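Data first, discussion second: the structure below is written as structure tokens.
Counting starts at 1 for both ligands and their atoms, following the listed order. Not measured: the values here are computed from a predicted model.
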Amino acid sequence: MIDFDAPYRLLIDGELVETAGTLEVVNPATGAVFARCPSAGPAELDAAVAAARRAFPAWRDLSFEERAGYVERIAAALQEHKEPLARLLTLEQGKPLSQSRDEIARASTLSVGMTRIRIEPELIQDDAQRRIELRFRPLGVAGIITPWNAPVNLAAGPLASALYTGNCAIIKPSPFTPLTTLRIGEIIRGIVPPGVVNVLAGGDELGALITAHPGIDKISFTGSVATGKKVMAAAAGTLKRVTLELGGNDAAIVLPDVDVADVAKKLFFAATVNSGQVCMAVKRIYAHEDIYDALCAALAEEARKARVGDGLDPDTTLGPIQNRRQYERVCELKADALGHGKAAEGSAPRGGGYFVAPTVVTGISESDRLVAEEQFGPVFPVLKFRDVEDAIRRANDTRYGLSGSVWSRDIQRAAGIAARLEVGTAWVNQHRHTAADVPFGGAKESGIGRTYSRRGLEAYLEPQVISILKA
Ligand code: NAD
């Protein structure tokens, strides 16, 4: 078992490493620093890259089954350490403990799920003249850069994909939430050979160094659109392969035939889970005019019932916003929206932590920032439509294209509307379903490439044609 009271350390080449500089980590439920951890710079990055490159040939030469075995052991160890990991995740990230437990469990399940996907060579031609086969070679070393909203889950998919396909990895969590990932590094240390997985906590500048490093072949980046663009530009220097999982401004279109009370509960959860700090949270609701007032009233009731507080309190349903910068941004967007619209809001503790009451905003339009921008908080607009063509046009009128949903009793009709949303995933009568065998990723500026599924695995592999002239 891992000692959760021991000092935090980086994982480089199978060793736990301290650094002279440190990062301070704040508990968002109190606003106070509660832990410090090492902060890696260029020297630690060079050491991690060298270790990963040394470990790569032997790891690459294992079979898929052997590597799946390692990933399964990591997944089992996550389950085994679920309680202390979940508690630490709530302390640094803020989400309710039950959601932290779900995140660890899901990271474990998704990791195993990735290893159930087969990657076989493809036979393109085999006749008297030629045999042509398509094979897949691992890229080498993958840099995995994660954000602060779901640090474990968002590292697990890329890590399992990288390892299973024969790549080594360097994980860099957000400086706001480095601790759970560092402890997971300690857990992984006892499972994989030295250098196969390295964990480096550090600031944004470490991310920039990773994306430009010539010893890294692939970047899996999850974060904001603005940083994603920087990652892509920096990766161009060495033509690294990139998977970018970026922000979203998901619309939910609600048709007039729904069961309003039922849909309001589901939409409220999809808009406010993790206090709205989810890339694929519902961020704009388009409700038909016939049910608009009833839906807004039901959503307002959900907001009043929510319990905002410290994620370690078992009664809490919404934790704090994860960091001060994001808290100020959500407050600013809310104030801006209330300059034109009306709010129905729940309550939140005052002082100390970064608490924001869930807020349903009505009477604003696409020209308001709360509609046009990704709020990443529990404050969301409900907009009215009469003609569904108008709703589709407004839902698509954004540079984001992560996901969206359509809600109706008429599944055929809803599916037809869903297919016209310019997004990577369009759900019907649900929002946020993902699975290891289902590709997930963004259209437009919400990203490039897909995680999960065979497509996600292929992003860690270079296709290679073997073409043999027989005659
Ligand atoms: P962010 O872009 O600020 O930071 C993400 C990570 O990138 C952090 O580890 C950060 O240190 C690092 N970083 C910062 N500058 C960098 C640079 N120049 N080069 C390389 N790395 C750099 O994002 P955030 O604020 O931590 O996360 C919130 C955003 O993430 C939201 O927009 C959200 O929608 C998005 N997100 C997307 C998905 C998805 O799957 N599509 C999932 C979760 C979150």
Would the distance check show the side chain of [X] and the main-chain N or O of [Y] forming a donor-acceptor pair, the cut-off being under 3.5 Å?
X    : Y    : answer
Q93  : K95  : yes
W148 : P175 : no
N396 : E422 : yes

Could you tell me the residue and atom name of the protein heavy atom closest to [atom], and the distance to it rounded to 0.1 Å?
atom                    : value
atom 22 (C) of ligand 1 : T227 CG2, 3.5 Å
atom 12 (C) of ligand 1 : I145 CG2, 3.7 Å
atom 41 (N) of ligand 1 : L246 O, 2.7 Å
atom 23 (O) of ligand 1 : S224 N, 3.3 Å
atom 21 (N) of ligand 1 : G207 CA, 3.4 Å
atom 9 (O) of ligand 1  : T146 O, 2.8 Å
atom 27 (O) of ligand 1 : P147 CB, 3.2 Å
atom 39 (C) of ligand 1 : C279 SG, 3.3 Å

For ligand 1, note which part of [X] has a heavy atom under 4.0 Å away: side chain, backbone, both or neither.
X    : answer
I210 : neither
F376 : side chain
A226 : neither
E374 : side chain

Is the closest N or O pair between [X] and ligand 1 shorter than 3.5 Å?
X    : result
G223 : yes
W148 : yes
T222 : no
T211 : no
R325 : no
N149 : no

Parallel, tilted or perpendicular: rings of Y164 and F64 (30°, 60°): perpendicular
Quiz: residues 31-51 side-chain donor-acceptor pairs under 3.5 angstrom, not counting sequence neighbours:
from, atom 1, to, atom 2, distance (Å)
R36, NH2, E24, OE2, 2.9
E44, OE1, G41, N, 2.8
D46, OD1, H213, NE2, 2.8

Test item: E373 and L333 side chains (from C-beta on) under 4.5 Å apart, heavy atoms: yes
Proximity flag F176 to ligand 1, non-hydrogen atoms under 4.0 Å: no
Neighbour count above 12 (heavy atom, 6.0 Å) for R369 CZ: yes
Residues in salt bridge (Lys or Arg N to Asp or Glu O under 4.0 Å) contact with K334, at least two apart in sequence or another chain: E345
Sole candidate of R241, R137, R60 that passes salt bridge (charged side-chain N to carboxylate O under 4.0 Å, His left out) when paired with E462: R241
Criterion side-chain contact (heavy atoms from CB on, under 4.5 Å) against E103, the qualifying member of T180, L154, N153: N153
Any non-hydrogen protein atom less than 4.0 Å away from atom 4 (O) of ligand 1: no
